[in-house]
Number of protein chains: 2
Amino acid sequence: MPDSPRRAGVSAGPRRATLATVAASAGVSVATVSKVLNGRSDVAPATRSLVQSLLRQHEYVAPAPRRAEKGGVASIEVQFDTDLNAYSTEIIQGAVAAGAEAGVGVVVSIRKGSDRTAGWARDLADAGRRALIAVTSELTGRQLAALARARLPLVVIDPLNLPQTRVTSIGSTNFAGGLAATHHLLSLGHRRIAYVGGPATAACNQARLHGYRAAMEAEGAAVPPGYVQAGHFRYHDGVVGGAAVLDLPVAPTAIFAGSDETALGIMEAARARGLRIPEDLSIVGFDDTQIAQMASPPLTTVRQPLREMGGVALRTALRLVAGERVDSHHMELATELVVRGSTARVSGSRAGVRPSSAAESVAPVAQSALAAPAAVSRPAPASTPRPARVSRKPSSRAAATDGKGTPDRTA
Amino acid sequence: MPDSPRRAGVSAGPRRATLATVAASAGVSVATVSKVLNGRSDVAPATRSLVQSLLRQHEYVAPAPRRAEKGGVASIEVQFDTDLNAYSTEIIQGAVAAGAEAGVGVVVSIRKGSDRTAGWARDLADAGRRALIAVTSELTGRQLAALARARLPLVVIDPLNLPQTRVTSIGSTNFAGGLAATHHLLSLGHRRIAYVGGPATAACNQARLHGYRAAMEAEGAAVPPGYVQAGHFRYHDGVVGGAAVLDLPVAPTAIFAGSDETALGIMEAARARGLRIPEDLSIVGFDDTQIAQMASPPLTTVRQPLREMGGVALRTALRLVAGERVDSHHMELATELVVRGSTARVSGSRAGVRPSSAAESVAPVAQSALAAPAAVSRPAPASTPRPARVSRKPSSRAAATDGKGTPDRTA
DNA sequence: GGTCATGTCGAAAAAGTTTCGGAGAGCTGA
DNA sequence: TCAGCTCTCCGAAACTTTTTCGACATGACC
């Protein structure tokens, strides 16, 4: 049987702890330990907590994954730490599809970081989870240790804190995305471009921000103070951050948002000020969630392959469960600029904006800019499915995407 | 050896069948029976099937629901039959929250109706699911029977086909919602109100539509042919349906959409025609998903308590699992109109058009207009760049029509 | 005919759960 | 103070199930 007991890191070692081990060290009978484990009532509180602490200390794990759990009940948990939104939806969709293919159930949960207390990891294992996929979550060292003890492989999507330890993570080429978005705006003639993004500490946000800065710098465009706003990628952050930059003495003509939601918030801030999009203000989002296509005007955005990321995360988790080594601790999937209707040539000159030509000018610029700083892709020390491809030629796609809606800009 | 099967109604009776019971009657060892149960490979096919039949015959059930299974492995599946969207997200969120409270995992899956084949229900049960929550899915009688055979309770959210059999379902007060939305528009002075909704066969759509019709009728407002469009509640349906009604000879001044997504599609159709919202066109959505707040302008919509519905569905499912009777086969949660920025008094309540008189004059015009040209709705299928729109009530709108989509019309 | 691999099976060991009785502790009333 | 009662807490033993490992049979191959 492949799953013989203890095939932990370094095989051999002392045998796994059993009830007897714990009972002996607690000075009680095996029966009592069993009762504690099962929450029976006939155990004195003092005894109970003693046994519980010993159980933890001995890292006791349920030994014989019983029938109920083994056949199909294998499941993988996808855990978010905030309420679900359009971003989550795409991740879930991707994970669920991949799970269906592999025959494992995908359990969705929402768990604030503070809810992940002591028994957390063990509970997951006891509940039949085989692995955990944490989305944009910050995991403490203690939590990582708890997962390891419970033998639960972990995959993180868009890790908030940098992979300080050996956690497997999935992301996208945020730097290239930030670069592409900013280049797109620059190529439309914008010079006063602001960035309204996420938490300053979040790795993905930093990468996007640096992509933006790199593009601005390469073009010699200034980034005045106040042109970079932090937030949490939410709608409200766009309303607030958008208001902040739009009310500056020298307001931007274009804004790059760290997420689609934030971009929509900025749209609202612009609307409240009587600014038309894209005539008076161009906006680029990030993610390409469903809301991007549904915005009015449809949002130009940097597509993050969220479904694929969910799928890759799930398959990676399964590989870890099977005991395989993954080739790389971090994988990045390529982002891609999707041009829709929320960006236009600066100052709203109606004629003369050829989206296709604008788009074509993006790719080479982006690539050259990328080629120079090899250091920039810092977070990706790994074999990725496709290394940082920046922007595909959006001509056909852009037309296809909003073909019905906004014919006026092509004229 | 009291190997009598039947563990009939009365508790006392003969003891429950154990592996030993079955082993004795099969003439094999306990170990062999255990192996069969666990799908081990070292059992001859003949022996295996013999044991299996004996297991069934003795009604063997896993005896000591081990720790693993009791706490967590219980899980409930929430099944969608289309890709996830903002609506799904809210349902999932509600179900996940309720599941966390009850300590059961919520497995999300996407399954087209045709994928639910023979073994489907059995597979679910074997995978540890305790119940199924089907969202906006159409279940055949065969599928219901399969679920019943597998002893899987079912709860349907927003059933598409009417509850022909005894299925438990959760919905919301769609009729009241349709009524409220339409009343809101009527109270703003609108009289030419169109409805762009979902599938004509869907129960929830019918209820919304009838609410709309009831309100219109009560006010004596006409519903000309072409003013009611069907779709699938998706964005694209709004673009198409919105275009269809906006290009009618007598276009509506307000549109009630069957979903938020559809409402956003209508917004896009309006934008493409240079119509401002809410000045030129009022729009009411349905659902109050996250995208409603993020639209620009924020969408007035009928709030459906989707999270609560997800939560109620999950708790109901758990009650069914526990063998309790539910009081009612169908539950409806209350809808509620949420007024945001996408609706306004008809024609902006500016001088020149007195809403009331204009409205009064509309009804007969519309009626006569529809009496004559059955063909008029044909010229503009969807992609009209901008025909000099045929006849938009000339009084205040004519100027707007050729305003080239810019706000100079207000002057 | 040896030998070896493979497939089947069960005895026995291991692990965990549950039952049931008993040791105390605490309370009460005489 | 003490018998009697109840209630809490615990463990020995019985029970259920899983897993290991050796035994045996069978057939293939040399």
Side-chain angles (χ1 to χ4, degrees), chain A residues 1-7 11-55 58-71 73-74 122 125-126 128 151, chain B residues 1-5 7 11-55 58-73:
Chain A
M1 237 35 239
D3 61 352
S4 63
R6 120 205 76 87
R7 64 96 199 290
S11 58
R15 303 177 59 80
R16 211 172 32 84
T18 69
L19 291 202
T21 322
V22 177
S25 85
V28 300
S29 72
V30 175
T32 300
V33 179
S34 173
K35 287 173 189 171
V36 169
L37 225 31
N38 290 286
R40 293 280 181 269
S41 60
D42 57 345
V43 180
T47 311
R48 181 185 303 276
S49 62
L50 168 67
V51 170
Q52 274 172 337
S53 86
L54 266 308
L55 277 169
H58 286 264
E59 300 183 0
Y60 176 84
V61 290
R66 293 293 251 247
R67 196 167 38 266
E69 167 175 22
K70 74 177 29 153
V73 176
R122 245 257 303 292
D126 286 350
R151 309 242 156 79
Chain B
M1 197 74 188
D3 63 339
S4 39
R7 53 88 221 261
S11 56
R15 303 174 56 81
R16 206 174 36 78
T18 70
L19 291 202
T21 322
V22 178
S25 86
V28 299
S29 74
V30 175
T32 300
V33 179
S34 173
K35 287 173 190 170
V36 169
L37 226 29
N38 289 287
R40 292 280 182 270
S41 59
D42 57 345
V43 179
T47 311
R48 181 185 304 274
S49 62
L50 168 66
V51 169
Q52 274 171 337
S53 85
L54 266 308
L55 278 169
H58 287 263
E59 297 184 358
Y60 176 85
V61 289
R66 293 292 251 252
R67 203 170 30 269
E69 173 176 19
K70 71 176 42 153
V73 173

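Numbers restart at 1 for each chain; the letters A, B, ... are given by sequence-line order, proteins then strands.
A:V28 comes within 4.0 angstrom of the backbone, heavy atoms only, and of no base.
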Polar atom pairs between nucleotides 23-27 of chain D and protein, under 3.5 Å, N or O only, would you list them?
none

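Taking OG1 of B:T21 as the start and CG of B:L54 as the end, the distance is 10.5 Å to the nearest 0.5 Å.
Between A:Y60 and C:dA15 there is no side-chain polar atom (N or O) within less than 4.0 angstrom of OP1 or OP2. Distances shown here put every side-chain N or O of A:R40 at or beyond 4.0 Å from the OP1 or OP2 atom of C:dT17. In this structure, B:T32 reaches the C:dG10 phosphate: one of its side-chain N or O atoms is under 4.0 Å from OP1 or OP2.
Checked against side chain to side chain donor-acceptor pair (under 3.5 Å), A:T47 has no partners two or more places apart in sequence or in another chain. Listed by chain and number, the residues in a side chain to side chain donor-acceptor pair (under 3.5 Å) with A:S53 amount to none (sequence neighbours excluded). Applying the side chain to side chain donor-acceptor pair (under 3.5 Å) criterion to A:S49, with sequence neighbours excluded, gives no partner residue.
Atom pair B:L19:CG and C:dG16:C1' shows a separation of 14 Å (rounding to whole Å applied). Nucleotide D:dC9 holds its P atom 9 Å from the CZ atom of A:R48, rounded to whole Å. For the pair A:L55 CG and C:dG16 C1', the interatomic distance rounds to 13 Å; values are reported in whole Å. When rounded to the nearest whole Å, the span between CG of B:L37 and C1' of C:dC9 equals 17 Å.
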| query | Could you run down nucleotides 19-27 of chain C 5' to 3' and tag each one B, S or - for protein heavy-atom contact under 4.0 Å? | reply | B--------

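Partner A:V28 forms a side-chain contact (heavy atoms from CB on, under 4.5 Å) with one of A:V43, A:V51, A:V36 and no other, that one being A:V51.
Looking at the side chain of B:P45, the nearest of the listed nucleotides C:dG10, C:dG16, C:dT8 is C:dT8. Between D:dT19, D:dC9, C:dC9, one nucleotide has an atom nearer to the side chain of A:T47 than all others, and that is D:dC9.
The salt bridge (charged side-chain N to carboxylate O under 4.0 Å, His left out) analysis of residues 44-55 of chain B, with sequence neighbours excluded, yields no pairs.
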